[in-house]
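Only one structure is covered here, and it is reproduced in the block below.
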Amino acid sequence: EVVAALADEMMGLSGYMNIHDLNHLIGEGHVISAAYLSVTPGKEASVVEKLGELPSVGGTATRRAMLQSFDEQIASGLRLTVAIVVSLASVVALGVIYNGIRIALSERSRELASLRVLGFTRREVATLLFGEQGVIDALGTPLGLLLGLGFAYWIAVGFKSELYRFPVVILPHTYLFAASVIVIAAVGAGMMMKRRIYNLDLVSVLKTRE
């Protein structure tokens, strides 16, 4: 037989050919084990009911019911996994941003105190420090999203086999959610460091170090 085309399927090792040629090739009569029907939307229930009344039909299944069952099975374990991953990612993001602000404050505390002495308000000084960290986060977030996309492709390729493969499908709201986590973590870290910035001890900071 001549191969006419390749079927791009995500699961299974399926092959398709003309049913008469197949029956002749395996030496069987005109028999079939399954049939796929194209049904008008809204008529699925009546078609399934009619097919169930036929004695030669062993069973029926609809695409909608199969997808619903698959989603329910996957969602039962996936929700917990996603919740754990998101929680850990949020904690890591908060810790990284908080440490970044804290290190910047330690390195520039003398400069910030000098600005306070020169007449800058506490809000203006905090804006300078948080603005610097905000620029770093704004530049690093797109890079992190690209790295995440590459990591997703790496996982998909790693789990690929002859029996199944997982396509990488990332929706726009996934990127929006990830960026929102960074923004919330940055705001939370800023609120945690705001008190320390507002309560800078100008005298001790500006003392000349021996």
Side-chain angles (χ1 to χ4, degrees), residues 1-94 141-185 188:
E1 295 294 334
V2 179
V3 177
L6 298 178
D8 186 15
E9 295 185 338
M10 291 183 291
M11 299 185 66
L13 297 172
S14 301
Y16 303 89
M17 65 182 300
N18 182 278
I19 188 171
H20 302 293
D21 296 335
L22 176 62
N23 292 333
H24 176 72
L25 182 65
I26 61 179
E28 291 186 352
H30 185 66
V31 295
I32 58 175
S33 59
Y36 294 94
L37 305 180
S38 178
V39 182
T40 303
K43 301 293 185 180
E44 293 91 348
S46 59
V47 172
V48 170
E49 182 180 356
K50 292 293 184 181
L51 291 175
E53 298 175 354
L54 300 178
S56 58
V57 177
T60 58
T62 63
R63 179 176 180 272
R64 180 180 301 177
M66 294 178 63
L67 290 176
Q68 182 178 357
S69 176
F70 179 79
D71 290 342
E72 291 175 353
Q73 293 178 2
I74 296 298
S76 60
L78 191 60
R79 288 194 184 99
L80 179 60
T81 303
V82 171
I84 294 175
V85 171
V86 170
S87 300
L88 292 177
S90 301
V91 172
V92 171
L94 178 62
T141 298
L143 178 60
L145 295 178
L146 290 176
L147 289 176
L149 178 61
F151 187 64
Y153 275 103
W154 179 72
I155 293 177
V157 172
F159 281 95
K160 182 179 179 180
S161 68
E162 294 182 351
L163 294 178
Y164 57 84
R165 62 184 176 86
F166 298 98
V168 177
V169 179
I170 301 180
L171 301 177
H173 70 262
T174 303
Y175 291 110
L176 180 62
F177 177 78
S180 299
V181 171
I182 301 300
V183 172
I184 295 173

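Count residues from 1 along the sequence. Only a predicted model underlies this, so the values are computations on that prediction, with no experimental measurement involved.
Looking at Val48, Thr60, Leu51 one by one, the single match for side-chain contact (heavy atoms from CB on, under 4.5 Å) with Leu37 turns out to be Leu51.
In this structure, NE2 on His24 lies 11.5 Å from CD1 on Ile26, to the nearest 0.5 angstrom.
Not counting sequence neighbours, the partners of Glu53 by the side chain to side chain contact (heavy atoms under 4.5 Å, CB included) test are Glu49, Lys50. Residues satisfying the side chain to side chain contact (heavy atoms under 4.5 Å, CB included) test with Ile170, not counting sequence neighbours, are Leu149, Ala152, Val168, Thr174, Tyr175.
Among all heavy-atom pairs drawn from Leu94 and Gly188, the shortest one is CD1-C, 4.1 Å.
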